[in-house]
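Keep in mind that the numbers below use all heavy atoms, side chains included, and drop hydrogens, waters and symmetry copies. Below, chain A is the first sequence line, B the second, and so on; all start at residue 1. The shown structure was predicted, so the numbers you read here are calculated from the model rather than taken from an experiment.
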Protein chains: 2
Amino acid sequence: MPAPARTSTAAVVAAGRAIVETDGVEALTMQRVAEAVGIRAPSLYKRVGSRSELVRMVADQVALDLAEALDAAVGGGDPETDLRAVLAAFRAFARRNPASYPLVFEPGSGGVSPEARDRAIAPVLGVVRAIAGEQHALPAARTVVAWAHGFLTMELGGAFQLGGDVDEAWEYGVTRLVRALRG
Amino acid sequence: MPAPARTSTAAVVAAGRAIVETDGVEALTMQRVAEAVGIRAPSLYKRVGSRSELVRMVADQVALDLAEALDAAVGGGDPETDLRAVLAAFRAFARRNPASYPLVFEPGSGGVSPEARDRAIAPVLGVVRAIAGEQHALPAARTVVAWAHGFLTMELGGAFQLGGDVDEAWEYGVTRLVRALRG
DNA sequence: ACCTGAACACCGTTCAAGT
DNA sequence: ACCTGAACACCGTTCAAGT
């Protein structure tokens, strides 16, 4: 006598993500997710193998959203204009999702799957290739992503609170990086 | 009738740090720290206010160690040589302390005090000033630290596992950044 | 002044029992 | 086939009682 499913994996992941966005990863407890989807905590194990797996699923979805946001920023015109647009979209995404963005790259938090992470930064690789050349595309893209991610981590973490203009530092970095890739 | 102290705050922090280095932040439980210093968990609250505070104290100590490592790398000669040396020391430190390094800059993990974090990157600011000029010193230093931290976070997180030479990407980044600051 | 055991409210996770 | 309550081993934290 089968019992009807009262929720779905997608709903569980969505609930988990909402909790992360609102109150941070540490607030993502099985009990709270269960309450959000209208079941009891033990039943969640019909959908996910463990809390860590759920966190990873949430992280993967955030990475996919980031990929889409970066894709949308590529205009197909001047490569340097595109790179600036992609970086602006990168920062906008992180500021729009301050609690879940860190999940995409941080090792400790939970760890996205390598595929999702690679997918997220694919747009950067494409745009950078046109600037730095095929030969340097990979290290150049890694340089750009490393800088952007490091900057955003520090910005979200409040590392820039004391003195100076954060927007100015971002613009400075973008300009210098674009120039450096060209050379 | 006073009871003699069986441990010290320094010993508690040191024990916490050792646990983080060995098994990661999530393994830092009050019970395990207590066992390491030879007391029971409730007694730890005579030394630290909470587990979070202990994590912060560990992070601060790691940040201080990083500051010393970077200080030691500054040779006082050619600024670009110094910057390369500081960055090499930065990476060496992160690889030597893969589990505790992330505590210095990550917002989620626990959060260092702003003072300790600023102290950690002070050597970079000093060296960069000589290259980028007084006027651009702050944004230039932020660009360098953001790149280095982003790169190391991704390297430690295994983001560079698929394809390409990580050392080459690091060298590429260092060279391009040094050049970009000069311009 | 510090340490302890007992207790509390929470976790994640397992599992037999229900439908 | 999914859901549940009860249970287990853990957490962090508080506190009265010991020395």
Salt bridge (charged side-chain N to carboxylate O under 4.0 Å, His left out): pairs with one or both residues in residues 6-23 of chain B, sequence neighbours excluded = B:R17-B:E21, B:R17-B:D65, B:D23-B:R32
Just list the side-chain donor-acceptor pairs under 3.5 Å for residues 123-137 of chain A, sequence neighbours left out, or say none.
from: A:R129; atom 1: NE; to: A:E134; atom 2: OE1; distance (Å): 2.9

ask   = When the distance from CD of B:Q31 to P of D:dA9 is rounded to whole Å, what number comes out?
value = 14 Å
task = Rounded to the nearest angstrom, tell me the gap between atom CD1 in B:I19 and atom P in D:dC11.
result = 11 Å
task = Mind calculating the distance between CD (A:E53) and P (C:dT13) to the nearest angstrom?
result = 10 Å
key: Nearest-Å distance for atom pair CZ/P, residues A:R51 and D:dC11   = 15 Å
key: Non-neighbouring partners of A:D165 that pass salt bridge (Lys or Arg N to Asp or Glu O under 4.0 Å), sequence neighbours left out   = none
message = Test: salt bridge (charged side-chain N to carboxylate O under 4.0 Å, His left out). Region: residues 35-48 of chain B. Which pairs qualify, not counting sequence neighbours?
response = none
A:Y101 and A:F90, any side-chain heavy atoms less than 4.5 Å apart = yes
task = Side chain of B:A5 only, please: which of C:dC2, D:dT13, D:dC2 is the nearest?
result = C:dC2
request  = Let me know the distance between CD of A:E26 and C1' of D:dC11, rounded to the nearest Å.
outcome  = 15 Å
task = Quick one: list whatever passes side chain to side chain contact (heavy atoms under 4.5 Å, CB included) with A:T143, sequence neighbours left out.
result = A:L177, B:W147, B:Y172
inquiry  = Under the salt bridge (charged side-chain N to carboxylate O under 4.0 Å, His left out) definition, can you give me all pairs with a residue in residues 75-94 of chain B, not counting sequence neighbours?
reply    = B:E80-B:R182, B:R84-B:E171, B:R91-B:E155, B:R91-B:D167
query = Tell me, which stems hold DNA chain D, with a stem being 3 or more Watson-Crick or G-U pairs in a row and both distances under 3.5 Å?
reply = C:4-8 with D:12-16, C:12-16 with D:4-8
note = Under a 4.0 Å heavy-atom cutoff, the residues of residues 32-50 of chain A touching DNA chain C are A:P42, A:Y45, A:S50
query = NA contact type, B:S8, heavy-atom cut-off 4.0 Å: base, sugar-phosphate, or nothing?
reply = nothing
inquiry  = Under the rule for side chain to side chain contact (heavy atoms under 4.5 Å, CB included), what residues qualify as partners of B:A69, not counting sequence neighbours?
reply    = B:F93
